[in-house]
Amino acid sequence: MKFGRRAGSVLLWGVAAGVLFASNGLAAGLGLTSPDDHRPLDIEAEQGIEWQQNNQVYIARGNARASRGNATVYADTLIAHYRPAPPDRAKQAEPGALTGSTDIYRVEAEGNVRLATDTQTVYGDHAVYDLDSATAVVTGKHLKLVTPRDTVTARDSLEWYDNTLIAVARGEAVAVRETKRLAGDVLTAQVVKPADGPSRISRIDAQGHVLVTTLNEIARGATGVYNVDTGIATLAGGVTITRGDNELRGQYGVVDLNNNVSRLLSAPPGGTAPRAPVQGLIIPRTKTPAPPAKSP
């Protein structure tokens, strides 16, 4: 066991629970290192680290921290569940390691959870990272993801599915970038990983009570799709677009967030759904009458 400046510090070898984040895009969600990543996980805790061999868990208590590469998980308590490593990955124990032939397959973080890299931070009360399914779920009050450009909040959970590169914010989810705001009951972001560049979000699907807000207008619908590359959001189902006192109503709307241009249609283009007239309520501006001239 290796000891650092804190009360307890141990280096765990084998498959461990490193955490990374998608590096760009609105509502950028957290991502995970591959389960085949064999870099060590460095764990520190002020109150020490407990090794329960019968239960096959490590428990780090008191301002616990787990780091791998540029990613760090902070929590009041960290619990790492392990199992014997398969024969093809078994290895001799390294100096300073508790064991060299185990796999950590699940990590839980409890209390004041913070998952951080150089460019993103996720906040919550509880986090579970399952290495077998390469998924992470963060829950608790005041859930938030913060990047240099974006802030994402949710009521119920922030989730990441590494195998499909999908991030999900559930429950009154809101993504904000500068003056643009996308909200819905559920926001689902698709992340792409170009070979020659950093990961980024290409598309966000919004379900339930969808709201797109800019400085000038508010668009509402039952569902929506936001193309991050083009800056165009499409909404369907009882769509309304409001600008000041003026309001348009239809079944399908297109909002160009980059160029501040909106269109409302009676039905999706090329669809077979029955068309309904687009309705508009336009309130004319009235000039304030000039005060009467004073008598000389």
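Predicted, not measured: the structure shown is a model, and the values here were computed from it. Residue numbers run from 1 in the order of the sequence given.
Note that R65 lies outside the cation-pi zone of Y74, set by a 6.0 Å cut-off to the ring centre and a 45° limit from the axis.
Distance check, rounded to the nearest 0.5 Å: CD of E247 to CZ of R249 gives 4.5 Å. Atom-to-atom distance recorded for H81:NE2 and L131:CG is 11.5 Å, nearest 0.5 angstrom. Expressed to the nearest 0.5 Å, how far CG of D205 lies from OH of Y226 amounts to 13.5 Å. Here the CD1-CG distance, from I59 to L78, works out to 10.5 Å after rounding to the nearest 0.5 Å. Atom-to-atom distance recorded for D76:CG and N112:CG is 4.5 Å, nearest 0.5 angstrom. Once rounded to the nearest 0.5 Å, the distance linking CD of E50 with CG of N55 reads 9.0 Å.
Hydrophobic clustering (ILVMFWY, side-chain heavy atoms < 4.5 Å, transitive): V255 and L264 are in one cluster. Following chains of ILVMFWY side-chain contacts shorter than 4.5 Å, one cannot reach I204 starting from L211, and the two form parts of different hydrophobic clusters. Put simply, V212 and L248 are part of the same group of oily side chains (I, L, V, M, F, W, Y) that touch within less than 4.5 Å, one to the next. In the hydrophobic clustering of ILVMFWY residues, with side-chain heavy atoms under 4.5 Å counting as a link, L165 and I201 come out together. Cluster annotation: I104 is not connected to I79 through the hydrophobic network of ILVMFWY side chains, with a link wherever side-chain heavy atoms come within less than 4.5 Å.
In this structure, the side chains of I49 and I43 come closer than 4.5 Å at one or more pairs of heavy atoms. Looking only at side-chain heavy atoms (C-beta outward), V168 and Y161 come within less than 4.5 Å of each other. Contact annotation: the side chain of T151 approaches that of K144 to within less than 4.5 Å [non-hydrogen atoms, C-beta and beyond]. For the pair S67 and E44, the minimum side-chain heavy-atom distance is 4.5 Å or more. Residues W160 and V137 form no side-chain contact, since every pair of their non-hydrogen atoms from C-beta on lies 4.5 Å or further apart. Looking only at side-chain heavy atoms (C-beta outward), V122 and L158 come within less than 4.5 Å of each other. Annotation: side chain of V192 is in contact with side chain of S202 (closest heavy-atom distance under 4.5 Å).
Proximity of a side-chain donor or acceptor of T147 to a complementary backbone N or O of R149 within less than 3.5 Å is detected. For the pair D185 (side chain) and R170 (backbone), a donor-acceptor distance under 3.5 Å is absent. Of the possible donor and acceptor atoms, none in the side chain of E217 sits under 3.5 Å from a partner among the backbone N and O of V261. N227 places a side-chain N or O within 3.5 Å of a backbone atom of D229 that can act as its donor or acceptor partner.
For the pair D150 and K180, the salt-bridge criterion is not met [side-chain N within less than 4.0 Å of a carboxylate O].
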Report task. Evaluate side-chain contact (heavy atoms from CB on, under 4.5 Å) for V107 paired with V73, printing each intermediate quantity in order. Result -> CA-CA 10 Å; V107 173; V73 182; over 6 Å; no
Report task. Output, in order, the C-alpha distance, side-chain angles, deciding distance and verdict of side-chain contact (heavy atoms from CB on, under 4.5 Å) for Y123 and V113. Result -> CA-CA 6 Å; Y123 300 88; V113 174; over 6 Å; no
Requested in this report: Tell me, with the steps shown, if I166 and T188 meet side-chain contact (heavy atoms from CB on, under 4.5 Å).
Outcome: CA-CA 7 Å; I166 288 176; T188 302; 3.5 Å; yes
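Around atom CZ of R155, more than 12 heavy atoms belonging to other residues, nucleotides or ligands sit under 6.0 Å away.
The distance between the ring centers of Y82 and Y105 does not fall below 6.0 angstrom.
Here the closest heavy-atom approach between residue A206 and residue L187 is recorded as CB-CD2, 3.6 Å. A pairwise comparison of heavy atoms in T135 and Y129 identifies O-CD1, 3.3 Å as the closest pair. What you find for S133 and N163 is that their closest heavy atoms are O-ND2, 3.4 Å. Among all heavy-atom pairs drawn from E110 and A75, the shortest one is O-CB, 3.7 Å. For L143 against G140, the heavy-atom pair with the smallest separation is CG-O, 3.4 Å. What you find for V138 and G124 is that their closest heavy atoms are CG1-CA, 4.0 Å.
With no hydrogens or angles considered, a side-chain donor-acceptor pair links Q120 and T117 at under 3.5 Å.
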